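Contents: one structure, followed by commentary.
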Amino acid sequence: KAGVTQTPRYLIKTRGQQVTLSCSPISGHRSVSWYQQTPGQGLQFLFEYFSETQRNKGNFPGRFSGRQFSNSRSEMNVSTLELGDSALYLCASSFREGYNEQFFGPGTRLTVL
Amino acid sequence: DAKTTQPTSMDCAEGRAANLPCNHSTISGNEYVYWYRQIHSQGPQYIIHGLKNNETNEMASLIITEDRKSSTLILPHATLRDTAVYYCIVRVGEGGGNKLTFGTGTQLKVEL
């Protein structure tokens, strides 16, 4: 069974631009969560989707948004990029809400110049 | 979710058991203890979880104290590939959503 895939793996943007990251969960998984990892703040929860509905949201500004499609694939968007948005963005999928085991993808490394 | 406290770093000789402690003194009765690890530049990997009984799987054992205020993750025969940051997380189990609140974790270094 294929794992969680994230595209692109690396991305370089400039301040003020916007970016869209994609996550394809493991086949059959309906829950997708997103995390941001930076050296200063560590791993922080962004949001969680299940059956195309956002179930939970972390403490991030409105510039960070996401969505989930009917095939469970998910995208997250960051508008008006800031230097501090440079981070590893990780996606995790699980069979359903509240399931014990979550499977993480390799992440997308975003650099904002 | 309850807060956890872990040592910043630990060393272990290859082939020996690695015992990683975690303190979660404010854990609630319906909260589980989960362990994930993150090998450098990869996404976190689920290891094991438990409520109050000790648990064992092919990767590790989880020992939870009777008062549930602390736990220990045991890697019985550590290898160099077990070098990673280990995160102890407390959260409500099934039905409680998927949000994981990561702390700073323990950097485990396995050496020859």
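Every chain is numbered from 1, with letters handed out A, B, ... down the list of sequences. Quick caveat: nothing in here was measured; it's all calculated off a predicted structure.
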Quiz item: Do you know which of A/E48, A/R55, A/R109 has the most heavy-atom pairs under 4.5 Å to chain B?
Solution: A/E48
Practice problem: Measure distances from A/Q44 to the heavy atoms of chain B and classify the residue's part below 4.5 Å as side chain, backbone, both or neither. | Solution: neither
Exercise. Side chain from CB out, backbone as N, CA, C, O: work out which of these in A/L90 comes under 4.5 Å of a heavy atom of chain B, or both, or neither.
Key: side chain
Quiz prompt | B/K69 atom NZ, neighbour heavy-atom count above 12 within 6.0 Å | solution = no
Quiz item: Is the number of heavy atoms from other residues, nucleotides or ligands under 6.0 Å of A/N59 CG greater than 12?
Solution: no
Exercise. State plainly whether one hydrophobic cluster holds both B/Y32 and B/I63, where clusters connect Ile, Leu, Val, Met, Phe, Trp and Tyr through side-chain heavy atoms under 4.5 angstrom apart.
Key: no
Exercise. Can you establish whether the number of heavy atoms outside A/R15 located under 6.0 Å from its atom CZ is more than 12?
Key: no
Self-check item: Residue-level interface, residues 36-53 of chain B with chain A, non-hydrogen cut-off under 4.5 Å
Solution: B/Y36, B/Q38, B/S41, B/G43, B/P44, B/Y46, B/H49
Exercise. Carefully, step by step, assess A/Y35 and B/L100 under the rule side-chain contact (heavy atoms from CB on, under 4.5 Å).
Key: CA-CA 9 Å; A/Y35 293 82; B/L100 295 173; 3.3 Å; yes
Practice problem: Would you kindly confirm whether B/V85 and A/L88 end up in one hydrophobic cluster when ILVMFWY residues are joined by side chain heavy atoms under 4.5 Å apart? | Solution: yes
Quiz prompt | same_hphob_cluster(B/Y86, B/M59) at 4.5 Å side-chain heavy-atom cutoff | solution = yes
Quiz item: Would you say the side chains of A/S94 and B/N98 form a donor-acceptor pair under 3.5 Å?
Solution: yes
Quiz item: Are A/L81 and A/F64 connected in a single hydrophobic cluster, I mean Ile/Leu/Val/Met/Phe/Trp/Tyr linked by side-chain heavy atoms less than 4.5 Å apart?
Solution: yes
Quiz item: Are A/Y49 and A/I26 connected in the hydrophobic side-chain network, where two residues link if heavy atoms are under 4.5 Å apart?
Solution: no
